[in-house]
Amino acid sequence: PTEPWYIGGPVIKGFGRGSKVLGIPTANLSTKGHWSLLSEHPSGVYFGWAGLSTRGVYKMVMSIGWNPYFSNTEKTIEPWLLHEFNEDFYGEELRLVIVGYIRPEVNFPSLESLIAKIHEDRRIAERALDLPLYSKHKDDPYLISSL
Ligand code: ADP
Ligand code: MG
């Protein structure tokens, strides 16, 4: 297995499409300062652990790429934290330990098929993160080191 990789920063505003169009909120991180990391890792869907400074550590499934369905021109980092929150957390420090790769970024013929695939990705991430190989990273000090 490959080493995990690490990205962190404040949660920024995206296009507001995650929750409003898809029913899938994604806590966007700035890509600035992460160019070399991003160029080392292909666009696609990853999973791992997310630490939110004031709240805790959660499973996450994440897209890195251009979101071809929406024809974005900029690469984005968009983790979906697999937890129900009662409010938004824009501006909070978010730490990601990325431990696995699910699939490359592809385009979808419809919004329905995109949403169905993201839910399939979520189920894969949920199960994988329970395996000892991946669950051990939940305790990585990086996740809470901004506290
Ligand atoms: P944006 O385009 O601004 O990223 P989204 O529609 O993707 O908007 O919603 C993301 C925002 O929703 C996050 O920045 C965060 O504040 C909030 N949020 C609430 N629940 C979650 C969650 N489970 N995972 C990720 N973000 C969440
Ligand atoms: Mg988002």
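Numbering of ligands and ligand atoms starts at 1, following listing order.
- Considering backbone and side-chain N/O of E87, none are found under 3.5 Å from N/O of ligand 1.
- In this structure, the side chain of W49 engages the main chain of Y134 through a donor-acceptor pair within 3.5 Å.
- More than 12 heavy-atom neighbours from other residues, nucleotides or ligands sit within 6.0 angstrom of NZ on K75.
- Rounded to 10°, the angle that OG1 of T26 and OD1 of N28 form at the Mg ion (ligand 2) is 100°.
- Checked by atom type and distance alone, the side chain of K59 pairs as donor or acceptor with a backbone atom of E126 at under 3.5 Å.
- Those atoms of ligand 1 with a heavy atom of K13 less than 4.0 angstrom away are 3 (O).
- Using the six-membered ring where Trp is involved, Y58 and H83 have ring planes that are tilted, between 30° and 60° apart.
- Of the possible polar contacts, one joining the E105 side chain to the W66 backbone as a donor-acceptor pair under 3.5 Å is found.
- Shown in contact with H83 at under 4.0 Å from a heavy atom are these atoms of ligand 1, numbered in order with element: 23 (N).
- Within the listing of ligand 1, atoms 2 (O) sit less than 4.0 angstrom from a heavy atom of F15.
- At a heavy-atom cutoff of 4.0 Å, ligand 1 is contacted by the side chain of V11 but not by its backbone.
- The closest heavy-atom contact to atom 18 (N) of ligand 1, among the options F85, F89, Y90, comes from F89.
- If you number the atoms of ligand 1 from 1 as listed, the ones under 4.0 Å from a heavy atom of A27 come out as 13 (C), 14 (O), 25 (C), 26 (N).
- Judged by distance alone, the side chain of T76 and the main-chain N or O of E78 form no donor-acceptor pair under 3.5 Å.
- Using modelled atom types, one side-chain atom of D140 and one backbone atom of Y142 make a donor-acceptor pair closer than 3.5 Å.
- Contacts between E84 and ligand 1 below 4.0 angstrom, taking non-hydrogen atoms only, are absent altogether.
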